[in-house]
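All residue numbers in this chain count up from 1 along the given sequence.
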Amino acid sequence: MNTITRCGSVLLTAALCLATLGALHAQNAAPKDRNAVNNTHAASDMMADSPVKFPKDAPLPAKYPEDLRMHYYRAEKDYYLFDSPSRSLKQIAKIQAEMPKGQFTAPANDWKHLARTRRRLTEGGDLRILALGDSIVCDTMRSGWVAKLQEAYPKAKIKSTVYVRGGGGCKHYRLENRVQNYLLPWKPDLVLIGGISQGKDYDAIRDVIRQVRAARPDCEFLLASGVFGSVDPRSDAAMAQAEHSGTSDYGAGLQKLAAELDCQYLDMTRPWMQYIRSSKLHPHLFYRDSVHANEYGEQILSKILMAFFQPAS
């Protein structure tokens, strides 16, 4: 092998390594899960009959790495701040056409506490969305549902940003001026707070909302119950005990908090459970590890959010 060929081979190998690392990073953009629920090393309720063997220390490789460039911004160690969507409409359509079929009842939206958001979507104008939470929120936003939202509401100009950490909840974001330093500079019109790591800390959620509204009194909030995690969605009893579930007392508490603070509540748990159950498949076929969604699982979340935000007939 001559020198030029050898150099070319080395460069090609390096490029492939970088591409692989980039795909894995994008696939698991908030990799360090730090609580009992959101922890890929915890025993899963679903392992006993799972047809999927997950790698020990990494997720399954992405079948469809995001096809749009992801812009990352300065954040603290273990926190991630980046743009969404990272998937094109073409890629989303391909994944949705291929994914196992399922059904769910669309979550109701009376738009009572999202009037400003609805006006921007339907009449036009800038709409800045910021998603806040843990790696489940990261998965939700990686689905590319914001691209579908833009498609559904072409008059609006939608900008979406994601601020997450593994195992992250409002108990983290309320501290050390994180709202002021990393959230408010994006001038959000709508903040989505979700994931499986809030831990029933309603006071922390309340405090983050208070801090945002102090600077942006017109900002609207969507409080979403949790999806995925290691709790088996085929079991009503198990989900009723899960701290993040819309079917548990957490969901009831989050809905009550939303009403108290004039925020919109979204139970994502029930439609997610319905989709997986109606598919007649083991839940792990929608997972990339024992906690997080794969591309098919992400699109379940995209479908739920788009059903919630569907244009009025």
SB check [X] [Y] (cutoff 4.0 Å):
X      : Y      : answer
Asp189 : Arg116 : yes
Glu295 : Arg288 : no
Asp110 : Lys112 : no
Glu76  : Arg165 : no
Glu243 : Lys200 : no

The single option from Leu81, Leu132, Thr161 that satisfies side-chain contact (heavy atoms from CB on, under 4.5 Å) with Leu183 is Leu132
Donor-acceptor check, side chain of [X] to backbone of [Y], threshold 3.5 angstrom: yes or no?
X      : Y      : result
Ser143 : Thr140 : yes
Arg87  : Arg142 : yes
Tyr202 : Tyr250 : yes

Scanning both residues in full, the closest heavy-atom pair of Pro185 with Gln180 reads CD-O, 3.3 Å
Nearest heavy-atom approach of Leu281 to Pro100 is CD1-CB, 3.4 Å
### Message
Would you call the rings of His284 and His282 parallel, tilted or perpendicular, taking 30° and 60° as the class edges?
### Response
tilted
State the [atom1]-[atom2] distance between [X] and [Y], to the nearest 0.5 angstrom.
X      : Y      : atom1 : atom2 : answer
Leu190 : Arg118 : CG    : CZ    : 14.5 Å
His244 : Ser225 : NE2   : OG    : 8.5 Å
Leu60  : Phe54  : CG    : CZ    : 6.0 Å

Within the 3.5 Å criterion, strictly below it, is a donor on [X] or [Y] matched to an acceptor on the partner's side chain?
X      : Y      : value
Tyr72  : Asp83  : no
Ser278 : Gln103 : no
Gln211 : Asp207 : yes
Glu98  : Tyr296 : yes
Tyr173 : Arg178 : no

**Message:** Do Arg120 and Lys157 make a side-chain contact, defined as non-hydrogen atoms from C-beta onward lying under 4.5 Å apart?
**Reply:** no
### Task
Decide if atom NZ of Lys159 counts as having more than 12 heavy atoms of other residues, nucleotides or ligands within a radius under 6.0 Å.
yes
So with a 6.0 Å cut-off around NZ of Lys90, is the heavy-atom count from everything else above 12? no
Per ring-ring contact (aromatic ring centres under 6.0 Å, His included), Tyr182 is matched among Tyr163, Tyr80, Phe82 by Tyr163
